[in-house]
Protein chains: 2
Amino acid sequence: MRGKSIEAAWRGQAECHACGVRETALFSALREADFALIHLPIDEIQFEPGAALYHVGDPGQAVFTVRTGLVKLVRYLADGSQRIVRLLRPGDTAGLEAVLGQEYEHTAIALRPTLTCRIPREVVNRLAEGTPRMHAQLMQRWQRSVQQADAWLTSLSTGGAKARVARLLLLLMDEGAATECELFGREDMGAMLGVTTETASRIVAEFRREGILTELGPNRYACDVAALGRIAGT
Amino acid sequence: MRGKSIEAAWRGQAECHACGVRETALFSALREADFALIHLPIDEIQFEPGAALYHVGDPGQAVFTVRTGLVKLVRYLADGSQRIVRLLRPGDTAGLEAVLGQEYEHTAIALRPTLTCRIPREVVNRLAEGTPRMHAQLMQRWQRSVQQADAWLTSLSTGGAKARVARLLLLLMDEGAATECELFGREDMGAMLGVTTETASRIVAEFRREGILTELGPNRYACDVAALGRIAGT
DNA sequence: CGTAGGTTTGATGGGCATCAAGGATAGTGG
DNA sequence: CCACTATCCTTGATGCCCATCAAACCTACG
């Protein structure tokens, strides 16, 4: 096992008032007065690639807000293989089911160095009781999860393997106007797209030969967005 | 176009207090006093197979509770084909995004004769403001949608076509202890499983030859649950 | 330097899409 | 009442795409 890559580090107690990503995060709707309702500590936790925020079946004690990095939500299949059902990016929320007192439905694992805020479920519940704005915020988070799940199915689990890879690349780039994107292990790619590791590898190699992808560094590529769009449409 | 099969019929104004499925429906958490908060009409609407509850892109004005029948949530792809992303059964809720004032994300179409309650979004909002129990209920509905979406991906879009058909059959039977299940058009089956109409047809035919399915009537089959379980595991 | 984990590439075969044609069923109109 | 059509389901033939098995390569690290 790789030592440093499966670690999580406590980074201090969060100062929500001054949070740099507050406008995109779960607490974006809160006003100054609302923070008085928070009586439990909200920790900032840093996860290295491979580290788990939580595991499927764990009692859900907290919700996580992703501030930087990338997190995969994994579900394990009967035959032991895994399927990635969603990706969480800065501003997204992991483990909402904890608010309902349920067990976690997935295993959440950081794909890149990821900074999170860990918010105990009691804090969310107290805020939800006290402020209607928090309610709305929670419902929007859930709705966003549903949207992402549906989009995942229709764009990454539909059509040929090349089209899926192309759509994944476009998805990783969107909202970053840059044509640059950072990939991850081929095994993870396969688990996202419902194809084998070899197929994922072959297609990336093919895109590189065709000049659609240009390697910039380890797993960093410049993308020909137009070409990808054409392939994604297939 | 077939005349009678694309109709919706108003069946009267709902009597929520006396609703037979209230314990499983959206209003299960309401107490008698809460009903005073409802000032808009809640209609009972019956949809025949093929009729749409709403279309993707329509402004979301109401939420629908499914009381009997079966509803498919469809998303249309770039190439004009369709993908079914979820099935709603009695007790499920369609169009939750309306509560947030968003447009509908799918087209919802009845697969069987389906009785629904149409609840205007203002009613839900008013109840949500007034009663915390309604809040919890809404969040649970959303969480259920996410769960179903994830399960759909991992069980109906993963593995070989035979395994997918087997899992679909098991899913249609579960919670009905009976080994009997009602199928639908092969095209819909294909759109659920991410395979072609022909493949769906072939596999059903094969299951029948092998005695795993026995035809009882038009699209009604008795299932060998054990055998299906074995195939689903593959 | 040697090993381990991951990536790439090749060879092969099977599963499923595709194209095409032949039944089955129900509804329509003469 | 019976052709006649439309729609859906079924079945066949063919070929491609991708899973599978296997081996070579590459990089990091002890």
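Letters go in sequence order (proteins before strands), and every chain restarts at 1.
V195(B) comes within 4.0 angstrom of sugar-phosphate atoms only, judged by non-hydrogen atoms across all strands, and of no base. When heavy atoms are screened at a 4.0 angstrom cut-off, R164(A) is found touching no nucleic acid atom at all.
Atom P of nucleotide dC26(D) and atom CZ of R186(A) are separated by 15 Å, given to the nearest angstrom. dG15(C) atom C1' lies 12 Å from atom CD of E206(B), rounded to whole Å. Note: CD (E215(A)) to P (dT8(C)) measures 8 Å, nearest angstrom. When rounded to the nearest whole Å, the span between CD1 of I203(B) and P of dT11(D) equals 13 Å. If you take CZ of R220(B) and C1' of dC9(D), they are 19 Å apart, rounded to a whole angstrom. D188(B) places its CG atom 16 Å from the P atom of dT7(D), with the value rounded to the nearest Å. Between the P atom of dG5(C) and the CZ atom of F184(A) lies a distance of 23 Å, rounded to the nearest Å. With rounding to whole Å, K162(A) atom NZ is found 11 Å from dC17(D) atom C1'.
Regarding contacts with the backbone of dT10(D), a side-chain N or O of S201(B) is found under 4.0 angstrom from either OP1 or OP2.
Within the structure, the side chain to side chain donor-acceptor pair (under 3.5 Å) test picks out the following pairs touching residues 59-69 of chain B (sequence neighbours left out): E44(B)-R67(B).
Here CZ of R220(A) is found 8.0 Å from SG of C181(A). Values are rounded to the nearest 0.5 Å.
Within the 3.5 Å criterion, the main-chain N or O of S155(A) finds no donor-acceptor partner in the side chain of T158(A). A donor-acceptor pair under 3.5 Å links the side-chain atoms of D92(A) to the main chain of R89(A), judged by distance alone.
Between Y104(B) and Y54(B), the ring planes lie parallel to each other; the angle is under 30°, not in the 30° to 60° tilted range.
Every residue was checked against the side chain to side chain donor-acceptor pair (under 3.5 Å) condition with R230(A), not counting sequence neighbours, and none meets it. With sequence neighbours excluded, no residue satisfies salt bridge (Lys or Arg N to Asp or Glu O under 4.0 Å) with E210(B). With sequence neighbours excluded, the residues that form a salt bridge (Lys or Arg N to Asp or Glu O under 4.0 Å) with D188(B) are K72(B).
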Enumerate all atom pairs, one protein N or O and one N or O from nucleotides 18-24 of chain C, separated by less than 3.5 Å.
unit_1, atom_1, unit_2, atom_2, d
dT18(C), O4, R202(B), NH2, 2.9
dC19(C), N4, E198(B), OE2, 3.3

From CA spacing to verdict: side chain to side chain donor-acceptor pair (under 3.5 Å), Q140(B), R144(B): CA-CA 6 Å; Q140(B) 302 225 359; R144(B) 181 167 159 76; over 6 Å; no
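Residues of residues 150-161 of chain A having a heavy atom closer than 4.0 Å to DNA chain D, listed by number: G160(A), A161(A).
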